[in-house]
S.K.: 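What follows is a structure written as C-alpha cells; I'll ask about it next.
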There are 2 protein chains.
Amino acid sequence: MRIGEAAKATGLEATAIRFYEKQGVLPGPGRTDSGYRDYTQADVDLLRFVRRARSLEIPLDDVREIVGLRINDQAPCDVVRKVMAREMAAIESRINELEGLRDELARLQMKADEVGDDWPGGACVCPIVEADDFASPKTTAAG
Amino acid sequence: MRIGEAAKATGLEATAIRFYEKQGVLPGPGRTDSGYRDYTQADVDLLRFVRRARSLEIPLDDVREIVGLRINDQAPCDVVRKVMAREMAAIESRINELEGLRDELARLQMKADEVGDDWPGGACVCPIVEADDFASPKTTAAG
DNA sequence: GTTGACCTTCGAGTTACTCTAAGGTTTAAG
DNA sequence: CTTAAACCTTAGAGTAACTCGAAGGTCAAC
C-alpha cells in the first residue's frame, strides 16, 4: 500500500512517516516502479507501534532504539521497561512542576482582581506579575 | 553594569539576555566605549520581569508584547490578564493530558510485570506497549 | 488529454534557548 | 610592560519533533 493508505491505517500523517524514515527510526519500505513508497502489513505494524509509543510521549531516540531491536529480532523488553520508568518519572516531575505553576498563576489572578486597574506608577513593569517574593536583591548593599 | 552582573542580579544567563535582545523582547541597552552592553537599574527591572514571566512559562511572544507596552508607558494589565488566563488554561489542559499518560504508563508497567519476559513471537513489535485497545483496525474487512 | 488527487525531494520554520568558534577588552599579577 | 584569566563581542549551528511550502512527477477518471 502507498503512504497515504498506511497513514490512514495507523493514524500517523504521511509527512510524519517520511520524517521517521529520514530520522532512521523506521527502515525504508519497498518502492513501486515509479518510486512511491510501498508498505507491507509488517511495516504498518511497526508504524502503529511508533504511533503508540509517541502517543505516550516516549522520545523518538528511544523509539528508534526499540524499533532497532525488533528489526534484529531481539526482545526489547528490558529497554522498554527502562524507558517506561524514565518516562513515568519525567511525567510525574512535569506534573508537579505544572501544578506549582497553576497555583502560582491562580494566586496572581486573585491578586489581579484585587489590584483592579490601579497603577502604582512607573516604578514597576507590571504590578500583577511582579511577585512580592521576587523583590530586587540588594546588589549594592553594604557588605 | 555589564551583562554578567545583570545576569547575576536577575538570575538569567547572559546568553539568554542577549537572546531576548536579539528577539526584540528587550531594548538594546547602552554600550560602553569598547562596545560592551551597559545596563541601568531600569534595564535590570525589566530583565527581572522577563525572568519572572518566563518562569511562569508565559510564551516569549506574550512577554515581548507586555514589555513593549511598558516601554511605551502603557499599563499592560489587560494583556497580562488575558495572557494569564490563556496560560492557566494551557497548563490545566497539559496537566490533564499528562495525568492520562501517567495512568496509561502505570497500566502498562503492571502489564509488563505480568508478562515477564514471555515473548509472544514475531507477530508483534512489543507485547508491553502494544495496547489491547490499539488493535489493528480491519482496513480490508468486507464492507 | 487534462484535471485532481496523490506522490517525490529538499529546505526552511517552529520554541526558547544553548553551544561553539573566533576574536576583542579589562583587570590583576609579576 | 607583558601576560594570563576572566570577561565581553558576533555569527551561526544544534536541540525535539515535526509541519509547511515549493517545484515537480504519477496515476485514475472522464
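Naming: A, B, ... by sequence-line order, numbering from 1 per chain. Computed over heavy atoms, backbone and side chain alike; hydrogens, waters and symmetry mates excluded.
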S.K.: Do side-chain atoms of A:Arg54 reach the backbone of A:Ile58 as a donor and acceptor pair under 3.5 angstrom?
M.R.: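 Yes.
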
S.K.: Expressed in angstrom and rounded to an integer, what is the separation of B:Arg2 atom CZ from D:dT9 atom C1'?
M.R.: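 So the CZ-C1' distance, B:Arg2 to D:dT9, works out to 12 Å.
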
S.K.: Using atom NZ of B:Lys22 as one end and atom P of D:dT9 as the other, report the distance to the nearest whole Å.
M.R.: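 The answer, rounded to whole Å, is 13 Å.
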
S.K.: In this structure, how many angstroms lie between the C1' atom of C:dC17 and the CZ atom of B:Arg64, rounded?
M.R.: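 Distance check: B:Arg64 CZ to C:dC17 C1' gives 13 Å.
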
S.K.: Okay, side chain of A:Thr10, backbone of A:Ala6: is any donor-acceptor separation there less than 3.5 Å?
M.R.: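 Yes; judged by distance alone, with no hydrogens or angles, the pair exists.
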
S.K.: Among D:dT19, D:dC8, C:dT8, find the nucleotide with the atom closest to the side chain of A:Glu13.
M.R.: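 Nucleotide nearest to A:Glu13's side chain: D:dT19.
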
S.K.: Whole angstroms only, please: what is the CE-P distance between A:Met1 and C:dC7?
M.R.: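 After rounding, the reported distance stands at 12 Å.
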
S.K.: Please give, in whole Å, the distance from C:dC10 C1' to A:Gln23 CD?
M.R.: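 One finds 14 Å between C1' of C:dC10 and CD of A:Gln23, rounded.
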
S.K.: Nearest to the side chain of B:Arg31 - C:dA16, D:dC18, D:dT9?
M.R.: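 Among the listed nucleotides, the one closest to the side chain of B:Arg31 is D:dT9.
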
S.K.: Roughly how many Å is it from CD in A:Glu57 to C1' in D:dA17, rounded to a whole number?
M.R.: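 Atom-to-atom, A:Glu57 to D:dA17, this comes out as 11 Å.
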
S.K.: Just N and O in the side chain of B:Ser34: are any of them under 4.0 Å from OP1 or OP2 of C:dG24?
M.R.: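 Answer no for this pair, as no side-chain N or O of B:Ser34 is under 4.0 Å from OP1 or OP2.
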
S.K.: Classify B:Arg18 by what it touches in the nucleic acid, base, sugar-phosphate, or nothing, heavy-atom distance under 4.0 Å.
M.R.: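 Touches a base.
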
S.K.: Give the rounded distance in Å between these two atoms: NZ of A:Lys8 and P of C:dA5.
M.R.: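 Going from NZ in A:Lys8 over to P in C:dA5 covers 12 Å.
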
S.K.: If you assign each of A:Phe19 and A:Asp33 to its closest nucleotide in DNA chain D, which residue comes earlier from the 5' end?
M.R.: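 Upstream on the strand: A:Phe19.
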
S.K.: Are OP1 or OP2 of D:dT9 and a side-chain N or O of B:Arg37 less than 4.0 angstrom apart?
M.R.: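 Yes, because at least one side-chain N or O of B:Arg37 sits under 4.0 Å from OP1 or OP2 of D:dT9.
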
S.K.: Are any side-chain N or O atoms of A:Asp38 and backbone N or O atoms of A:Arg2, one a donor and one an acceptor, separated by less than 3.5 Å?
M.R.: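 Pair absent, no side-chain N/O of A:Asp38 close to backbone of A:Arg2.
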
S.K.: Strictly distance-based, threshold 3.5 Å: is any side-chain N or O of B:Arg107 a donor or acceptor partner for the main-chain N or O of B:Arg102?
M.R.: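 No; zero donor-acceptor contacts below 3.5 Å.
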
S.K.: Which nucleotide in the set D:dT10, D:dC8, C:dT8 lies at the smallest distance from any side-chain heavy atom of B:Tyr36?
M.R.: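 Looking only at heavy atoms from C-beta outward on B:Tyr36, the closest nucleotide is D:dC8.
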
S.K.: Figure out the CG/P separation between B:Leu12 and C:dC17, and round it to whole Å.
M.R.: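 Going from CG in B:Leu12 over to P in C:dC17 covers 8 Å.
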
S.K.: Say whether, by atom type as modelled, one donor and one acceptor occur between the side chain of A:Asp43 and the main chain of A:Thr40 under 3.5 angstrom.
M.R.: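 Yes.
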
S.K.: Report the residue (A:Ala14 or B:Thr15) whose heavy-atom-nearest nucleotide on DNA chain C is the more 5′ of the two.
M.R.: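 The residue whose closest nucleotide sits nearer the 5' end is A:Ala14.
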
